[in-house]
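Shown next, in structure tokens, is the structure this report addresses.
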2 protein chains.
Amino acid sequence: MPGTDDTNPASALYRGKGVTAWRLIADEIEADIAVLRLPPGEQLPTEAQLAARFGVNRHTVRRAIASLAERGLLKAAQGRGTFVENWPLSYPIGPRTRFSENVARERHQPGGELLRAEEIPATPVIAHALSIPAAAPVVAVSTRRFADGTPISCGIIHLPLPRFAGFAAAYRRNGAVTPALAACGVADYRRLETRIAARSASAEEAALLDLAPGRVVLAVTSINVDDNQVPIEFGNTAFAADRVELLVASDQAEFKP
Amino acid sequence: MPGTDDTNPASALYRGKGVTAWRLIADEIEADIAVLRLPPGEQLPTEAQLAARFGVNRHTVRRAIASLAERGLLKAAQGRGTFVENWPLSYPIGPRTRFSENVARERHQPGGELLRAEEIPATPVIAHALSIPAAAPVVAVSTRRFADGTPISCGIIHLPLPRFAGFAAAYRRNGAVTPALAACGVADYRRLETRIAARSASAEEAALLDLAPGRVVLAVTSINVDDNQVPIEFGNTAFAADRVELLVASDQAEFKP
DNA sequence: AAAAATTTGTGCGTATGTATT
DNA sequence: TAATACATACGCACAAATTTT
């Protein structure tokens, strides 16, 4: 364990195992972020100022910042400063997962955009997910979704034909899945399963989501079923991992805003 | 988006019905993978051989391979060949999430390793997650978990003291959380919430998980509670995204092997 | 447009306390 | 006890990126 210099004010608090100066500084900054005394987007004092305030060397402050940056709470930019990262949008996943509701719950303005729609024969995995014969016709709808104008996710959803022949047009009008499904006679639907993987964004995804190349996305595949347990939608969505975290709550009752 | 050259069959991707040569080839390979005619790890024929078999130019085969590689089904290695990727371990998340059960369900041998255990004062987020006062003592247990000997995840779990003073020793003996909690008098526990983010692996995570630098991890934070809804464990786990996918099933009843 | 100032990033050397051998 | 390895912390200097003058 590290050395403890009793003359150092920052190290005078606790003296347990593993309590080092840089850890104390990191905890203090973390607490400031947690209490919103350092709100998202806020610029921290410079490393030199923090070092002076805590009475330590600049390297020690840098060690604390590095620890918080690794956990995604801070982001240091050479020449500009160090900033508090935005809290990710919390996106609950459960039996009644709906994009627009999830975004609105966090007091953001949801939006959806239809990029492309085409009829294609189902590939093997699409056919399996929708429980239809291989190469049966489906409509593939490419979408991009927003919260307050910033892109959150993009992806392709597949729906069987001819039942959902009118889906694309309805989605284009509404910019949301639920009303578009309603236009096709689906009063209610349920999320059957959600698979979550992670990978680097493809070039197309990076362009659509306005991500720096190499940033990572949460790759989510989902199956929705209607009231009769018939699969109606197979989706393949990439969420910008910088802006969203997925939340699986076992208490599926309510999420207060 | 790429340019559109009508004389090039592969460039019809972004227009029309989407039934292009490379798509047909990709579907065929995908189907072979789906029915295990191309098992995980298998090497594909060379691009030249595939081009000859399908009667297309090698560029067309490359377009199909690129599409499947982007979805993680294939991996092309310059100079070596193209290989079928291993199917990721499917890791169900729900009210009764347990690592060892999840791994055993997929017919793999689970394992756990205690890397380090120390008593520390709770940071603000730990204290909030466990519903204890700030800076209250907790035990932080660093673990690494395996399936069939290959590392799957690493992370730190935090448990309040003095209730779980014996946890670390019990975990070291058993290599699993559930029996270690039982040793502390917790007969049963429930997953309260799970937050899923994604990011690049840190240097330490890359080393522990045997990942190439820059590969991505699923960063999962979880809270488990005992029968009285008292938080007993706050975990912060990084899953190697190459080797595991998280599965949220609304029908939480059963998963057949 | 160019120069200066500011801020983070990197490297080296030194010293000290902790843990292991 | 001694030797060794390691993590922490300090001090100085300079490089690289950005903003301001």
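To find a chain, count down the sequence lines: A is the first, B the second, and so on, and within it residues start at 1.
Screening I29(A), L68(A), L74(A) for a side-chain contact (heavy atoms from CB on, under 4.5 Å) with V84(A), the sole residue that qualifies is L74(A).
Residues from residues 71-84 of chain A lying near DNA chain C, meaning a heavy-atom separation below 4.0 Å, are A76(A), A77(A), Q78(A), G79(A), G81(A), T82(A) in numerical order. Within residues 39-47 of chain A, no residue places a heavy atom under 4.0 Å from DNA chain D.
Atom CD1 of I25(A) is separated from atom C1' of dC10(D) by 13 Å (rounded to the nearest Å). Atoms CZ (R62(A)) and C1' (dC10(D)) sit 15 Å apart, rounded to a whole Å.
Looking only at distances, a side-chain donor or acceptor of D148(A) sits under 3.5 Å from a matching main-chain atom of Q109(A).
Pairing partner, dT8(C): dA15(D), with both Watson-Crick or wobble hydrogen-bond distances short of 3.5 Å.
Between the CZ atom of R23(A) and the OG atom of S67(A) there is a distance of 7.5 Å, given to the nearest 0.5 Å. Rounding to the nearest 0.5 Å places CD of E233(B) at 6.0 Å from CG of L181(B). The CG atom of L159(B) sits 7.5 Å away from atom CG of L130(B), with the distance rounded to the nearest 0.5 Å.
Under 3.5 Å, the side chain of H59(A) and the base of dG9(C) form no donor-acceptor pair of N or O atoms.
Checked against dC10(D), dG9(C), dA9(D), the side chain of R58(A) finds its nearest nucleotide in dG9(C). Across dT8(D), dA13(D), dC12(D), the shortest atom-to-atom separation from the side chain of R63(A) is found for dT8(D).
Within the structure, every side-chain polar atom (N or O) of N57(A) is placed at least 4.0 Å from both OP1 and OP2 of dA9(D).
For the pair R145(B) and F239(B), the cation-pi criterion (under 6.0 Å, within 45° of the ring axis) is not fulfilled.
With hydrogens and angles left out, the side-chain atoms of Y91(B) and S153(B) include no donor and acceptor closer than 3.5 Å. Between the side chains of S90(B) and R195(A), at least one donor N or O lies within less than 3.5 Å of an accepting N or O.
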